[in-house]
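What follows is a short report on a single structure.
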Amino acid sequence: VKRHRYCCLTLRLRFGQKRYVLHSDNDRLSLSPANYIMALYTGQRRVVVREESIYNLIPRPPVKKERPLRYTSTFRPQVKEEIKSKQQPSRTMGPATVLPVASQGFLRKHSKERRHEEIGATRKASEASLLSQVQSFGSTSSKTSTKPAVPRRTERPAMGTRLSKDFITENAVKVITAVPPKPQPKLVDTPGGATQVLTDQRTDAGLLPKYVHKKDYGATPQYLKSRQEMTSQAQASFNSFLREREASGNIASVEEDERSKLLNGLKSHWQELQHQYLGLSVVTDTLPKKSRKQRIEAEMKQLEHDIQTIEQHQAIYVTATT
């Protein structure tokens, strides 16, 4: 309420005692400043500011809007002609008017019985004509029948014929010489005892281990065998080369004791360098400190590489000095 009064007071101070005319499609209203503000809030009407006058009270006739002409296609006559050409009278719904029944055509007694007799006679005549057509087609057909004719009712089959074959003995021999079938692997998956055949391709879900029963299961692949042969040949050629060099006196092999002493010496030297590295100053603000740190790091890295090389190779060869 306070806000509404404030709006009214503000409009009176700004615009005086003006009246605001609100135009819509069907009416024309004169609004006060407060109602004008409310109309502006809605945003659905067109507001025109006019001076207050007695002539605005005279009712005016409503303005009629002229509708634009409806769109009409240029192909409309052609479409009408096409539709008329395709239409046929009484095509699906029957004739438009049904002729009334004559006054003499009322229902009489036993009239339906005669009608049934006529329908039965017509049906029999149509069946007879259809049968004659089928018979004539079968007689004139050029196709030869592959099956023997159906025996007649008066014909009798040949009786009393016997064969010299002994079916009982033959069946007994088949059963004795037959190989017993292997039982199918089954799985009982319910408490009631329902079984599931594991060899069935439709229900096979990997329950039967097929891959482990293959002939080549667990065997070394051929490419690994060839690679092993190549490696063994290269090692044999390298060993023969070393033996030849040892025989000529160009190289000499390091003994195991010498190798262990060399390895222990490298490790002890690395520990000394590590002790020196840990004793360095944390702040390397001068050039001598930086150079000393870099030198110790380089020596430790080289020692680590040498130790790893000696540990990886059991046999060490050195060139013989003259």
Side-chain angles (χ1 to χ4, degrees), residues 7 18-150 200-205:
C7 291
K18 290 183 179 181
R19 301 289 292 178
Y20 295 87
V21 182
L22 183 65
H23 291 272
S24 64
D25 296 338
N26 300 322
D27 54 359
R28 178 174 175 272
L29 301 175
S30 178
L31 301 177
S32 62
N35 294 334
Y36 169 68
I37 291 296
M38 299 301 293
L40 289 179
Y41 286 161
T42 57
Q44 299 179 359
R45 296 173 180 269
R46 181 169 57 88
V47 180
V48 181
V49 180
R50 293 185 180 181
E51 295 290 340
E52 187 175 1
S53 176
I54 194 172
Y55 294 103
N56 295 334
L57 301 176
I58 300 174
R60 297 181 181 181
V63 180
K64 294 183 179 180
K65 291 186 177 181
E66 295 183 359
R67 294 185 177 181
L69 297 178
R70 190 175 181 181
Y71 172 75
T72 304
S73 177
T74 56
F75 301 99
R76 186 171 183 178
Q78 182 180 355
V79 174
K80 284 186 176 181
E81 292 296 334
E82 290 180 359
I83 293 173
K84 288 182 180 180
S85 63
K86 294 180 181 179
Q87 289 180 352
Q88 295 180 6
S90 306
R91 186 172 183 178
T92 56
M93 302 300 293
T97 57
V98 180
L99 299 176
V101 182
S103 60
Q104 295 82 8
F106 57 88
L107 187 63
R108 292 180 174 81
K109 190 176 182 180
H110 303 291
S111 61
K112 290 187 177 182
E113 296 178 0
R114 291 194 297 270
R115 177 63 178 168
H116 292 167
E117 292 177 358
E118 293 176 359
I119 293 172
T122 306
R123 185 178 297 172
K124 288 180 180 179
S126 62
E127 290 178 356
S129 62
L130 182 61
L131 182 62
S132 62
Q133 292 178 5
V134 171
Q135 290 177 356
S136 63
F137 176 76
S139 61
T140 57
S141 178
S142 61
K143 296 181 180 180
T144 57
S145 59
T146 57
K147 294 183 179 181
V150 179
D200 191 1
Q201 295 181 357
R202 295 173 298 177
T203 60
D204 186 11

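It should be emphasised that the depicted structure is a prediction, and the values quoted were computed from it without experimental measurement.
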Apply side-chain contact (heavy atoms from CB on, under 4.5 Å) to Phe106 and list each qualifying residue two or more places apart in sequence or on a separate chain.
Arg108

Holding to side-chain contact (heavy atoms from CB on, under 4.5 Å), I want the full list of residues that pass it with Leu69, two or more places apart in sequence or in another chain.
none

With Gln104, which residues qualify under side-chain contact (heavy atoms from CB on, under 4.5 Å), at least two apart?
Ala102

Passing option when Ile54 is tested against Ile58, Leu57, Asn56 for side-chain contact (heavy atoms from CB on, under 4.5 Å)
Leu57

Arg76 meets the side-chain contact (heavy atoms from CB on, under 4.5 Å) criterion, sequence neighbours left out, with Thr72, Lys80

Which heavy atom of Ser129 sits nearest to which heavy atom of Ser132, and what is that distance?
O-OG, 2.6 Å

